[in-house]
Amino acid sequence: MANKKANAARKALEFLEEGQIIGLGSGTTAAEFIRMLGEKAEAGFKIDACVPTSFDSRIHAIKYGLSRYLCDPDQVRGIAVAVDGADAVGQGYVVKGGGAALTREKVVAYNAAQFIVIADDSKLAKAGKVVVALECIKFSAPFVLKTLGKLGYDASIRVGTGKVGPIISDNNNFIVDAKIEIKNAANLEAMLNNIPGVLENGIFTKFDKIIIGDEKGAREL
Ligand code: 5RP
């Protein structure tokens, strides 16, 4: 699996140009990209700045020698390209948020001139329900669960390992996971964000490229 992720990440490097401001995604596939970007920078490739989408990607950027490029959105004039992983890749959409970083990921991805999704071939969505994450303010969580229930979705507050109770996002919020069969992704993305207290959801319908990695290499969808 690591090899498939690395192959997707390596392919994404081909689309970078020198002097760009780069959005760094979160998760294990994005971490492969950050590692390779660090190697490329070390070899002399010029980067203007990097905007991380989570503490996770920030930690990886520091680990792989990119700390001097790290910036927050208010320190850059824009983002040229964002590269990030996905939990599921469907027709016209990707689902993200397995690492609870969906809100910052979407802010960076949707504000980048180019958004490249990198995923291994196990992420190609099969028919049926997928888990869609919703970041919501804690106060709203009981109502969000009730609303999702009324819509017919099985939903629960995400709990993790290494901590009892709900996990807390980088933005200090709860994550609600809802099992949903995605039919009209764009409508669903907008509808879920209309639930009071929901900050963002993990359906992404705006991207420029999807790169799928397998054992042999990587291809653009
Ligand atoms: C984090 C994400 C990740 O990109 C997604 O979960 C994929 O992770 P991985 O590359 O580890 O499979 O959306 O919120």
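Hydrogens, waters and symmetry mates are skipped; everything else that's a heavy atom, side chains included, is used. Both ligands and their constituent atoms are indexed starting at 1 by order of listing.
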Tell me which part of [X] gets within contact of ligand 1: side chain, backbone, both or neither, using heavy atoms under 4.0 Å.
X   : result
D84 : side chain
S54 : neither
A31 : neither

Starting from [atom], which protein heavy atom do you reach first, and at what distance in Å?
atom                    : result
atom 3 (C) of ligand 1  : S26 O, 3.3 Å
atom 2 (C) of ligand 1  : E105 OE2, 3.3 Å
atom 12 (O) of ligand 1 : K123 NZ, 2.6 Å
atom 10 (O) of ligand 1 : T29 OG1, 2.6 Å
atom 9 (P) of ligand 1  : T28 OG1, 3.2 Å
atom 6 (O) of ligand 1  : D87 OD1, 2.5 Å

Parallel, tilted or perpendicular: ring planes of F115 versus F204, cut at 30 and 60 degrees: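 Judged by the thresholds at 30° and 60°, the geometry between F115 and F204 is tilted.
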
Heavy atom of G25, distance to ligand 1 below 4.0 Å: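 G25 does not count as a contact of ligand 1 under the 4.0 Å cut-off.
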
Donor + acceptor pair across side chains of N172, K138 (<3.5 Å):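 A donor-acceptor contact under 3.5 Å links the two side chains.
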
Subset of ligand 1 atoms that lie under 4.0 Å from at least one heavy atom of G85: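 Counting from 1, the qualifying ligand atoms are 4 (O).
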
N/O donor-acceptor pair under 3.5 Å between D120 side chain and S122 backbone: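 Flag set: sc D120 to bb S122 pair under 3.5 Å.
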
Pairs involving residues 6-53, ordered by first then second residue, that meet ring pair (Phe, Tyr, Trp, His ring centres under 6.0 Å) (sequence neighbours left out):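 Pairs touching residues 6-53 that pass the test: none.
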
Close N or O approach (G27, ligand 1; < 3.5 Å):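 Looking only at distances, the answer is no, because the N/O contact criterion of under 3.5 Å is not met.
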
Backbone or side-chain N or O of A101 under 3.5 Å from ligand 1 N or O: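 Yes; the residue has a nitrogen or oxygen that sits under 3.5 Å from a nitrogen or oxygen of the ligand.
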
More than 12 heavy atoms from other groups under 6.0 Å of CD on Q91: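 For Q91, atom CD is not crowded (no more than 12 foreign heavy atoms under 6.0 Å).
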
Exceeds 12 heavy-atom contacts within 6.0 angstrom, atom OH of Y110: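 Buried by this count: over 12 neighbours within 6.0 Å.
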
N-O pairing of R104 and D170 below 4.0 Å: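 So R104 does not pair with D170 through a salt bridge.
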
Residue pairs involving residues 174-199 (criterion salt bridge (charged side-chain N to carboxylate O under 4.0 Å, His left out); sequence neighbours excluded):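 Those involving residues 174-199 are K106-E189, D154-K179, R158-D177.
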
